[in-house]
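Here is the structure we will look at, set down as structure tokens.
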Number of protein chains: 2
Amino acid sequence: MSQGEMLGPVDDAVGYVLKQAAVALRNAMDVALRPLHLTVPQYACLELLGQRPGLSNAELARGTFVTRQSMNVVLRGLEDRGLVTRPATAPRGRELPTVLTQAGLDHLRTASVAIRRIEKKMCADLTPAQQKGLLEALATCVRSLAGTP
Amino acid sequence: MSQGEMLGPVDDAVGYVLKQAAVALRNAMDVALRPLHLTVPQYACLELLGQRPGLSNAELARGTFVTRQSMNVVLRGLEDRGLVTRPATAPRGRELPTVLTQAGLDHLRTASVAIRRIEKKMCADLTPAQQKGLLEALATCVRSLAGTP
DNA sequence: TGCTCTATGTCAGGACTTTGACATAGCGGA
DNA sequence: TCCGCTATGTCAAAGTCCTGACATAGAGCA
């Protein structure tokens with residue numbers, strides 16, 4: 001390659017830098033979760049269940065930004081490993097409320113500290129005010145994009 | 001669903017909101033590019049080539065955060081549609097410098113305004129200072145994550 | 001009651017991306 | 001010069017995720 005770090009116009013585009021940050025975070029999470037034999041979607045599922053037990057498959061899918069089908073296979077894998085449990089029959093409607101097992105809770109704890117370390121590292125060079133502003137700005141972006149075309 | 005918009009602890013995590021924003025942007029770009037028969041990676045490739053003509057396959061892959069193999073199939077598709085051109089033989093080393101054709105440039109222009117409209121909408125409710133802060137904060141996060149573990 | 005509409009769980013198929021591997025072209029030091 | 005070392009382009013295989021489709025359960029309304 002000819003130039004090492006030439007600043008191009010793409011680096012001024014919010015979308016580009018957003019994508020860049022998301023990919024960097026994803027990769028860092030991936031390597032942090034590998035020793036625990038967890039993928040990022042699996043961890044996201046556990047984290048959500050830890051904070052809000054009894055979520056159904058569809059609710060978990062929306063919460064982790066994947067489809068119901070993908071979440072279904074994730075849950076199957078976690079179920080086979082004994083990390084989560086779903087009742088055989090639906091207590092209401094067709095929703096199968098999922099809960100963490102003790103093993104799942106233990107796994108979540110260790111994974112959670114690893115991920116929290118990643119986030120800490122990511123925000124290490126940000127002042128508390130900057131971090132707060134980042135959070136608010138991103139939330140505002142999400143709201144703006146959610147509106148009608 | 002029981003609760004509509006209950007604010008959970010996950011919404012306070014920077015990583016979660018970052019992912020949320022990236023997915024929202026990706027989806028918005030997807031629907032905006034569909035009428036032009038372009039996928040997001042294809043558009044990203046065209047945009048990069050428009051700003052820095054002559055980039056090689058590997059350089060484009062790094063710039064769009066995918067693997068060389070994925071970028072190879074993307075380039076093949078764009079080449080078959082006559083939007084980009086690569087020399088049959090490498091002028092230096094093994095790199096094949098890719099450039100936009102006139103049709104590719106036209107396609108890029110229309111796609112670029114559509115995407116810029118999306119970014120404009122995303123940042124609509126942000127003050128210029130907030131937008132500047134967001135850009136800087138994200139760049140700082142990328143740098144922090146890039147450091148050694 | 002009966003009908004429609006929405007939402008959920010699940011199965012099959014396909015599209016896209018990544019991992020792994022290989023041959024080759026420059027680069028730099030012994 | 002020669003030998004490693006890195007980087008590039010490409011092929012094959014695997015994995016991951018999504019789109020499409022179906023049957024079913026509850027809510028709302030005539």
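Chain letters run A, B, ... following the sequence lines, proteins first, then strands; residues in each count from 1.
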Atom CG of B/Leu78 and atom P of C/dC16 are separated, to the nearest Å, by 12 Å

Kindly say if B/Asn72 contacts the phosphate of D/dT10, meaning a side-chain N or O under 4.0 Å from OP1 or OP2. yes

B/Val66 has a side chain; which of D/dG9, C/dT18, C/dG9 sits nearest to it? C/dT18

Please tell me whether B/Gln20 and B/Tyr16 have a donor and an acceptor in their side chains that are separated by less than 3.5 angstrom. no

Are A/His107 and A/Arg81 packed together at the side-chain level, in the sense that at least one heavy-atom pair is separated by less than 4.5 angstrom? yes

In one Ile/Leu/Val/Met/Phe/Trp/Tyr side-chain cluster, 4.5 Å: B/Ile118, A/Val142: no

How many whole angstroms separate atom CE of B/Met71 from atom C1' of D/dC11? 18 Å

Does D/dC17 have its OP1 or OP2 closer than 4.0 Å to a side-chain nitrogen or oxygen of A/Thr67? no

Does a side-chain N or O of A/Arg92 approach OP1 or OP2 of D/dA27 to a distance below 4.0 Å, or not? no

Spacing between A/Glu95 atom CD and D/dA25 atom P, to the nearest angstrom: 14 Å

To the nearest angstrom, how far is A/Leu75 atom CG from D/dC17 atom C1'? 15 Å

Sidechain-backbone polar pair: B/Glu119 side chain, B/Arg116 backbone, donor-acceptor under 3.5 Å: no

Looking only at the side chain of B/Pro41 (C-beta and beyond, no hydrogens), which of the listed nucleotides C/dT17, C/dA25, C/dT10 gets closest? C/dT17

Sole residue of A/Leu46, A/Thr101, A/Val99 in side chain to side chain contact (heavy atoms under 4.5 Å, CB included) with A/Val84: A/Leu46

Side-chain N,O (A/Ser56) to OP1/OP2 (C/dT8) below 4.0 Å: no

Interatomic distance where CD belongs to B/Gln42 and P belongs to C/dC16 [whole Å]: 8 Å

Between B/Arg86 and D/dT10, is there a contact of a side-chain N or O with OP1 or OP2 at under 4.0 Å? yes

Distances for protein N/O vs nucleotides 1-5 of chain C N/O pairs under 3.5 angstrom?
none

What's the closest nucleotide to the side chain of A/Gln69 if the choices are C/dT18, C/dA12, D/dG9? C/dA12

Any A/Arg26 side-chain nitrogen or oxygen under 4.0 Å from OP1 or OP2 of D/dT16: no

Determine: side-chain N/O of A/Asn57 to OP1/OP2 of C/dT8, distance under 4.0 Å, yes or no. no

When the distance from CG of B/Leu96 to P of C/dT24 is rounded to whole Å, what number comes out? 16 Å

May I ask you to check whether B/Glu47 and B/Ser112 show a side-chain donor-acceptor distance below 3.5 Å? yes

A/Met71 side, atom CE; A/Arg68 side, atom CZ - distance, nearest 0.5 Å: 12.5 Å

On DNA chain D, does the nearest nucleotide to A/Gly93 precede the nearest nucleotide to A/Ser70 from the 5' side, or the other way round? Give the residue. A/Ser70

Linking I/L/V/M/F/W/Y whenever their side-chain heavy atoms sit closer than 4.5 Å, directly or via other members, would A/Leu145 and B/Ile115 fall into one cluster? yes

Mind calculating the distance between CG (A/Leu60) and C1' (C/dT8) to the nearest angstrom? 13 Å

Rounded distance in Å - CD (B/Glu79) to P (D/dG9): 12 Å

Kindly say if A/Arg68 contacts the phosphate of D/dT19, meaning a side-chain N or O under 4.0 Å from OP1 or OP2. no

Taking atom types as they are modelled, is there a donor-acceptor pair under 3.5 Å from the base of C/dA23 to the side chain of B/Arg94? yes

